[in-house]
**Student:** 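My questions will all concern the structure given below.
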Amino acid sequence: MDKPAILGNTPVFDDRLGIVSPRLPKLEQIQDPLSEALRTGQLTNHAFHVPQFEKALSDRLKMPHVVSVGNATLGLILALEALNRDGEVILPSFTYCATAHALYWSRHKPVFVDILPDTFTIDPAAVESAITPNTAAIMAVHIYGHPCEIDTLEEISKRYGLPLLFDSAHAFGSQYQNEPIGQFGDAEIFSFHATKVFPVGEGGCITTHDKNLAEHLKLSRKFGDPGDENTRFPGMNAKMQEFNAIIGVEMLKVVDEHIANRRRYAAYLIERLGRLPGISFQSIKPNVFTNYQNFVILVDEVYFGVSRDMLFDALLAENILARKYFFPPLHLHDAYSDYRSINLPITEFVSKRVLCLPFYSEMTEKMLDKICVAIEQVHFHANIVREYYSNLA
């Protein structure tokens, strides 16, 4: 087998293969509504396309209330503010920073807990152990498209009388026990960012069964003003733009096709890379359907031959941009330095080994093959790669 590019060989890709590549509508597919929005100047304030998009989302997710927002971070902040409960919020450290940052802006204190070793989602037993009289809510996170242990978390939230929110940024199109993610807890918050399975540029939504909560969120996203210039409470500007909703309506037509593609690509990568010692994957529980928002591998240095970080560098030399996602975990971020002493062994174990590979809704067999070849070459030449790093030191 050829030597990897980090040892001087030609990269498997001539041009950089980025970590994501959103598949968006062609201009001709959205030309008419875009032209109308530009002609009328109706670009925001839920003129027409945002309500249309919310209705389409409500139908798809089988939810009575869908509140669109400018992005998922704003959605998290609005949902947390709407709880009207001060105190601590339990959440995983193994998540994107926006989950915890939303707590800062809603004036809640994070309580980081550990994850399950197979699915990398929040550990319900750790959640229950962290509950105190100061606990205001539970914020669970669906990771890489794989849903949390929803039934157990809902049982815990009911038993302790705590609101349960789901950060569902990764999970549009995923299912739990044959029901769409979006139907669970007190509210779920989705992201439609350009990096997601369902991209509209910037955007997101909050789903809930609670009509009063939905009405509060609608008011909150528009400064707290119901339309009479008399704000009922200090809200913010968290509205979705018409442009994003136009893209969203069109993307709903193809999102299932894109998810099917991703599941097919994931099956190929698992079969191919699963032959290599030291490479493992996120476990997929039988009662869930994952959209494969991200495709991740765990690298065991002892059996694979090189560390995750060495593999990351070697792939970069092949023009493959992988991502250490999520590394470091949030409790080791500078922003949360007060939490560095907490003991989250599974979180830290996974974080030190996880690597997200480039993964798109439309890929070719050649692209997938080259990614696998690059990883196989590094394993085959692991001794020389380690020697290369030793010489650098």
**Student:** Within 45° of the ring axis of Phe312 and under 6.0 Å from its six-membered ring centre, is that where the NZ or CZ of Lys324 lies?
**Tutor:** yes
**Student:** Say whether Ile19 and Phe326 are linked into one hydrophobic cluster, either directly or through other cluster members, by side-chain heavy-atom distances under 4.5 angstrom.
**Tutor:** no
**Student:** What are the two closest non-hydrogen atoms of Ile30 and Ile247, and how far apart are they?
**Tutor:**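 Looking at all heavy atoms of both residues, the shortest contact is CD1-CG1, 4.2 Å.
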**Student:** Any side-chain to backbone donor/acceptor pair from Tyr176 onto Asp151? Under 3.5 Å, distance only.
**Tutor:**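 Pair found, side chain donor or acceptor close to backbone of Asp151.
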**Student:** Tell me the closest heavy-atom pair linking Pro199 and Leu24, and the distance in Å.
**Tutor:**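 Distance-wise, the nearest heavy atoms are O-CD2, 3.6 Å.
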**Student:** With distance as the sole test, does Asn9 use its side chain to make a donor-acceptor pair with the main-chain N or O of Lys3 at under 3.5 Å?
**Tutor:** yes
**Student:** Taking atom OH of Tyr325 and atom CG of Leu357, what is their separation to the nearest 0.5 Å?
**Tutor:**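 Answer rounded to 0.5 Å: 14.5 Å.
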**Student:** Do you know the tightest heavy-atom contact between Ala82 and Leu217?
**Tutor:** CB-CD2, 4.1 Å
**Student:** Would you indicate whether the side-chain heavy atoms of Ile375 and Leu315 approach each other to under 4.5 Å?
**Tutor:** yes
**Student:** Could you go step by step and tell me if Lys109 and Asp86 meet the salt bridge (charged side-chain N to carboxylate O under 4.0 Å, His left out) rule?
**Tutor:** CA-CA 9 Å; Lys109 181 180 179 181; Asp86 297 330; over 6 Å; no
**Student:** Could you tell me whether Asp228 atom CG has more than 12 heavy atoms of other residues or ligands within 6.0 Å of it?
**Tutor:** yes
**Student:** Below 30° counts as parallel, above 60° as perpendicular, anything between as tilted: where do the rings of Tyr336 and His333 land?
**Tutor:** tilted
**Student:** Any chance you could lay out the side-chain hydrogen bond (donor to acceptor under 3.5 Å, both in side chains) test for Asp114 and Thr347, step after step, and finish with the verdict?
**Tutor:** CA-CA 6 Å; Asp114 219 340; Thr347 294; 2.7 Å; yes
**Student:** Below 4.5 Å, heavy atoms only, C-beta onward: do Phe327 and Arg308 meet side chain to side chain?
**Tutor:** yes
**Student:** Kindly give the heavy-atom pair with the smallest separation between Ala130 and Thr135, and that separation in Å.
**Tutor:** O-OG1, 3.9 Å
**Student:** Which is it for His331 and Glu348 under the side-chain contact (heavy atoms from CB on, under 4.5 Å) test, yes or no, and what are the steps along the way?
**Tutor:** CA-CA 10 Å; His331 72 287; Glu348 294 188 25; 2.9 Å; yes
**Student:** Can you tell me how far OG1 of Thr121 sits from NE2 of His146, rounded to the nearest 0.5 angstrom?
**Tutor:** 6.5 Å
**Student:** Is the CG atom of Asp59 crowded by more than 12 outside heavy atoms at less than 6.0 Å?
**Tutor:**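 Count over threshold, so yes.
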**Student:** Please step through ring-ring contact (aromatic ring centres under 6.0 Å, His included) for the pair Phe359 and Tyr144, ending with a clear verdict.
**Tutor:** CA-CA 11 Å; Phe359 204 61; Tyr144 308 139; over 10 Å; no
**Student:** In terms of ring plane angle, is the pair Tyr339 and Phe112 parallel, tilted or perpendicular, where the classes change at 30° and 60°?
**Tutor:** perpendicular
**Student:** Please check if Leu316 and Val378 belong to a single hydrophobic cluster, counting links between Ile, Leu, Val, Met, Phe, Trp and Tyr side chain heavy atoms closer than 4.5 Å.
**Tutor:** no
**Student:** With the 4.5 Å side-chain cut-off for hydrophobic clustering, are Phe190 and Val67 part of the same group?
**Tutor:**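 Hydrophobic grouping puts Phe190 apart from Val67.
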**Student:** Are Arg221 and Met240 packed together at the side-chain level, in the sense that at least one heavy-atom pair is separated by less than 4.5 angstrom?
**Tutor:**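 They are not in side-chain contact.
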**Student:** Considering all heavy atoms of both residues, which atom of Pro277 and which atom of His379 are nearest to each other, and what is their separation?
**Tutor:**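 The answer is CG-CE1, 3.4 Å.
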**Student:** Working note: Glu318 + Lys370, criterion salt bridge (charged side-chain N to carboxylate O under 4.0 Å, His left out); need CA distance, chi angles, decisive distance, verdict.
**Tutor:** CA-CA 9 Å; Glu318 304 286 358; Lys370 285 185 175 183; over 6 Å; no
**Student:** Does atom OH of Tyr160 have more than 12 heavy-atom neighbours from other groups under 6.0 Å away?
**Tutor:**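 Buried by this count: over 12 neighbours within 6.0 Å.
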**Student:** Please determine whether residues Tyr104 and Val111 belong to a single hydrophobic cluster, defined as Ile, Leu, Val, Met, Phe, Trp and Tyr linked transitively by side-chain heavy-atom distances below 4.5 Å.
**Tutor:**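 Cluster IDs for Tyr104 and Val111 differ.
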**Student:** To the closest 0.5 Å, what do you measure between CD (Glu376) and CZ (Arg275)?
**Tutor:**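 Separation between the atoms: 7.5 Å.
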**Student:** Within the structure provided, determine whether Glu54 and Val50 are in side-chain contact (heavy-atom separation under 4.5 Å).
**Tutor:**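 Yes. Closest side-chain heavy atoms under 4.5 Å.
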**Student:** Could you go through the side-chain contact (heavy atoms from CB on, under 4.5 Å) check for Val288 and Ser174 one step at a time?
**Tutor:** CA-CA 8 Å; Val288 310; Ser174 295; over 6 Å; no
**Student:** Do Phe281 and Leu311 belong to the same hydrophobic cluster, where Ile, Leu, Val, Met, Phe, Trp and Tyr are linked whenever their side-chain heavy atoms lie under 4.5 Å apart, directly or via other members?
**Tutor:** yes
**Student:** Of all heavy-atom pairs between Leu78 and Ala238, which one has the smallest distance, and what is that distance?
**Tutor:**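 Heavy atoms of Leu78 and Ala238 come nearest at CD1-CB, 3.8 Å.
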**Student:** With rounding to the nearest 0.5 angstrom, report the CD1 to CG distance, Ile206 to Leu76.
**Tutor:**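 Separation between the atoms: 8.0 Å.
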**Student:** Could you tell me whether a side-chain N or O of Asp210 sits under 3.5 Å from a main-chain N or O of Asn212, the two making a donor and an acceptor?
**Tutor:**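 Pair found, side chain donor or acceptor close to backbone of Asn212.
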**Student:** For residues Asn244 and Phe192, determine if any side-chain heavy atom of one lies less than 4.5 Å from a side-chain heavy atom of the other.
**Tutor:** no
**Student:** Can you check salt bridge (charged side-chain N to carboxylate O under 4.0 Å, His left out) on Glu155 and Lys158, steps first, answer last?
**Tutor:** CA-CA 5 Å; Glu155 190 277 327; Lys158 289 175 183 176; over 6 Å; no
**Student:** Could you walk me through whether Val141 and Tyr96 pass side-chain contact (heavy atoms from CB on, under 4.5 Å), step by step?
**Tutor:** CA-CA 9 Å; Val141 185; Tyr96 188 58; over 6 Å; no
**Student:** Do we get Arg263 above Phe289's six-membered ring, with its NZ or CZ under 6.0 Å from the centre and within 45° of the axis?
**Tutor:**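 Yes; both conditions hold, so Arg263 lies above the ring face of Phe289.
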**Student:** Check for a donor-acceptor pair, side chain of Arg23 on one end and backbone N or O of Ser21 on the other, with a separation under 3.5 Å.
**Tutor:** yes
**Student:** Taking the six-membered ring for Trp and the full ring for Phe, Tyr or His, determine whether the centres of Phe233 and His216 are under 6.0 Å apart.
**Tutor:** yes
**Student:** Does atom CD of Glu365 have more than 12 heavy-atom neighbours from other groups under 6.0 Å away?
**Tutor:** no
**Student:** Spell out, as yes or no, whether a donor-acceptor pair under 3.5 Å connects the side chain of His65 to the backbone of Thr207.
**Tutor:**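 Between the backbone of Thr207 and the side chain of His65 there is no qualifying donor-acceptor contact (under 3.5 Å).
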**Student:** Within the supplied structure, the quantity of interest is the number of heavy atoms (other residues, nucleotides, ligands) at a distance under 6.0 Å from Asn178 CG; does it exceed 12?
**Tutor:** no
**Student:** So, the side chain of Asn291 versus the backbone of Phe172: is there a donor-acceptor pair under 3.5 Å, distance only?
**Tutor:**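 It does hold such a pair.
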**Student:** Just wondering, do Pro180 and Arg60 contact through their side chains at under 4.5 Å, heavy atoms?
**Tutor:** no
**Student:** Could you state the interatomic distance from CD1 (Ile270) to CD (Gln282), rounded to the nearest 0.5 Å?
**Tutor:** 9.0 Å
**Student:** When you measure from the side chain of Tyr360 to the backbone of Gly18, do you find a donor-acceptor pair of N or O atoms at a distance under 3.5 Å?
**Tutor:**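 Present.
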**Student:** What distance separates Phe223 CZ from Arg232 CZ, expressed to the nearest 0.5 Å?
**Tutor:** 15.5 Å
**Student:** Any heavy-atom pair between the side chains of Ile131 and Arg159 that's under 4.5 Å?
**Tutor:**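 Answer no - side chains too far apart.
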**Student:** Looking at Glu188 and Phe166, would you say the former's side chain and the latter's main chain have a donor-acceptor pair under 3.5 Å?
**Tutor:** no
**Student:** If only atom types and distance count, is the side chain of Asn261 paired as donor or acceptor with the main-chain N or O of Glu362 below 3.5 Å?
**Tutor:** no
**Student:** List the steps and the verdict of side-chain contact (heavy atoms from CB on, under 4.5 Å) for His46 and Lys218.
**Tutor:** CA-CA 11 Å; His46 309 135; Lys218 290 176 182 178; over 6 Å; no
**Student:** Got a donor-acceptor contact below 3.5 angstrom from the Gln177 side chain to the Asn287 backbone?
**Tutor:**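 Side chain of Gln177 to backbone of Asn287, a donor-acceptor pair under 3.5 Å: no, none is there.
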**Student:** Determine, for Phe349 and Arg353, whether the Lys NZ or Arg CZ falls below 6.0 Å from the six-membered ring centre while staying within 45 degrees of the axis.
**Tutor:** yes
